[in-house]
Number of protein chains: 2
Amino acid sequence: MKARVHITLKTGVLDPQGKAISNALDQLGFGGVNSVRQGKYLELDIDETDPQKVRASVDDMCAQLLANTVIENYSIELDG
Amino acid sequence: MKARVHITLKTGVLDPQGKAISNALDQLGFGGVNSVRQGKYLELDIDETDPQKVRASVDDMCAQLLANTVIENYSIELDG
């Protein structure tokens, strides 16, 4: 089963990388970009096929390794 | 209007960062993880409200700055 994980900075946490992208877009002539927030995106391919177990397992992975829960939120989607 | 962009490595392109995450998960005792692919996720907040114009504009941004189209694919989703 495939799991897709989005890891994003919590609201209020500064995102200098997003700010740099925003500035670069501005310099390239793309106006009207108010803000850019950069996050991470992970695709995991997991042997287990029970959606509940996969979700619980990926949730553990995020809490222990993938996300820094002090400053980041994560969301998990499962594919077929 | 908000645009969400996923940037992922093309199939066949090696992903050492994903491999490192996969190994780390294994060492933490998470078995059954076949593969991990890491990508980027961007949220853009754009003044323009016409979905067609926003999509065209974000497509240009991806081609020019956000993605390396030699080794990366990108997909664009628009919100409200």
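Per chain, numbering begins at 1; letters A, B, ... match sequence-line order.
With a 4.5 angstrom heavy-atom cutoff, B:Ser22 does not touch chain A via any of its atoms.
Residue B:Lys19 qualifies as open at atom NZ: its count of foreign heavy atoms under 6.0 Å is 12 or below. Atom CD of A:Glu48 has more than 12 heavy atoms from other residues, nucleotides or ligands within 6.0 Å. Applying the 6.0 Å contact sphere to CD of B:Glu72 captures more than 12 heavy atoms from other residues, nucleotides or ligands. With a 6.0 Å radius and a threshold of 12 heavy atoms from other residues, nucleotides or ligands, B:Lys53 has its NZ atom at or below the threshold.
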### Worked verdict on A:His6 versus B:His6 for side chain to side chain contact (heavy atoms under 4.5 Å, CB included)
CA-CA 10 Å; A:His6 287 89; B:His6 287 90; 2.5 Å; yes

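Under a hydrophobic-cluster definition in which Ile, Leu, Val, Met, Phe, Trp and Tyr are linked whenever side-chain heavy atoms come within less than 4.5 Å, directly or via other members, A:Tyr41 and B:Ile76 are assigned to different clusters. When hydrophobic clusters are built by joining Ile, Leu, Val, Met, Phe, Trp and Tyr residues whose side-chain heavy atoms come closer than 4.5 Å, directly or via intermediates, A:Val58 is grouped together with A:Tyr74.
The most heavy-atom pairs under 4.5 Å with chain A, out of B:Asp60, B:Asp47, B:Thr8, B:Ile7, come from B:Asp47. Of all the listed residues (A:Leu28, A:Val5, A:Asp45), the one sharing the greatest number of non-hydrogen pairs under 4.5 Å with chain B is A:Asp45.
Shown here for B:Asn34 and A:Ile46, the closest heavy-atom pair between the two residues is ND2-C, 4.2 Å. Closest approach of A:Ile21 and B:Leu65 over heavy atoms only: O-CD2, 4.1 Å. For the residue pair B:Gln64 and A:Phe30, the shortest heavy atom distance occurs at NE2-CZ, 3.8 Å.
Atom CD in A:Gln38 sits 10.5 Å away from atom CG in B:Leu44 (nearest 0.5 Å).
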